[in-house]
Amino acid sequence: MRITSKSTILLTGGAGFVGRVLCRELLAAFPSSRRVLITRHTIAAIDGWEALALDISDFEAVNRAVESVKPDVVLHLAAQASVAHSQGLAEQTWRTNFLGTMALGAAVSRSVPTALFLYVSSGEVYGSRLRFGRVNERASPRPQNPYSSSKLAGERVLQDILSPENTLIVARPFNHTGAGQDRRFVLPSFAAQIAEAERGIREPTVLVGNLDAKRDFLHVNDVVSAYIKLINVSPKLARTTVVNVCSGDALPVRFYLDEMLKMASLHIEVVLDREKMRPSEIHRSCGDNSVLRSLTGWSPTITQHDLCTELVNYWRVQNA
Ligand code: A2R
């Protein structure tokens, strides 16, 4: 399916952290398309998008929505997106991540059997496989928590239930962040604490978990640009293509903290919070991005320094 100016785009999870960036960039990339997003709750209008409020795991509602919108392109981001929360919310995580994906895949297969389906899975699916070094897409996934197990199950159900004419792109993003991400995630948490310390609304301390863990971080804009490039090259892709979306390098979390502390206007002490230490944590998570680069010509554009600067400045404004 080639994307034309008349194409209809359906996006789930459009009100989330990544979804909002994607809404903006899809509007810029495909200004003449029809654009519809699915949200769980009714939300304030997002520029250039029609919104439908429904629960992604409601098979009938999803089917009705897909049948009436008849999308040419589906981008599926709606998810319970936190690994940490998935441990205590296993049922809800499976309901949203697996049943929601199955509901959407079944509806697409039935109503738009030639549509392009981009499923945002996760680099987390590699799980314990990450211990053996940088992973490419041929590595066997070994998920370790309800989040990654349900994401992998979503990949598998789509391969089975989409029509043979649907093109499926499975994107496996590794860590990504930027302004607007919830402070439950590690880098926003550092930036928010630094901004609060500067304003004097907390002690000059930052509570941290394992700073030696190495992570492969991208700026959310680079992740979104990878998704859009994948859509653009979709006519030349196989029926199913699995693609890592990652920088290809892993730096210790301490590196990001140090970058942010350099920006602070006062001395801030780093304090270990044992509750933030996860015993089964992977020491190094790093993906191989060769497939993404060779398929699309993509490369990341935002430096780690600029990423840290953006986060601290964002939280300074949030706390003002
Ligand atoms: O929480 P809400 O109402 O803003 O909606 C979230 C949506 N969502 C759902 N939509 C419909 N039915 C559901 N049962 C349902 N549960 C969650 O998914 C929100 O708009 C979106 C997730 O956004 P965030 O939590 O901000 O995740 P983020 O970082 O944007 O991740 C996007 C995708 C996910 O598939 C991740 O697993 C992947 O990228 O890394």
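Both counts, for ligands and for their atoms, begin at 1 and track the order of listing. Numbers here are sequence positions counted from 1.
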Determine, for [X] against [Y], whether the closest basic-nitrogen to carboxylate-oxygen distance falls under 4.0 angstrom.
X	Y	answer
E50	R34	yes
R40	D55	no
R20	E25	no
K262	E259	yes

Taking the six-membered ring of Y126, is NZ or CZ of R172 closer than 6.0 Å to its centre and within 45° of its axis?
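Judged by the rule (NZ or CZ under 6.0 Å from the ring centre, within 45° of its axis), R172 counts as positioned above Y126.
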Short N or O contacts of ligand 1 with protein, under 3.5 Å, listed by atom name?
| unit_1 | atom_1 | unit_2 | atom_2 | d |
| --- | --- | --- | --- | --- |
| ligand 1 | 1 (O) | R40 | NH2 | 2.6 |
| ligand 1 | 3 (O) | R40 | NE | 3.3 |
| ligand 1 | 12 (N) | I56 | N | 2.9 |
| ligand 1 | 14 (N) | D55 | OD1 | 3.1 |
| ligand 1 | 14 (N) | D55 | OD2 | 3.4 |
| ligand 1 | 18 (O) | A79 | N | 3.2 |
| ligand 1 | 20 (O) | G16 | N | 3.1 |
| ligand 1 | 26 (O) | F17 | N | 2.8 |
| ligand 1 | 30 (O) | F17 | N | 3.2 |
| ligand 1 | 30 (O) | V18 | N | 2.8 |
| ligand 1 | 35 (O) | L77 | O | 2.7 |
| ligand 1 | 35 (O) | K151 | NZ | 2.7 |
| ligand 1 | 37 (O) | Y147 | OH | 2.6 |
| ligand 1 | 37 (O) | K151 | NZ | 3.1 |

Using a cut-off of 6.0 Å, state whether more than 12 heavy atoms not belonging to E203 lie near its atom CD.
no
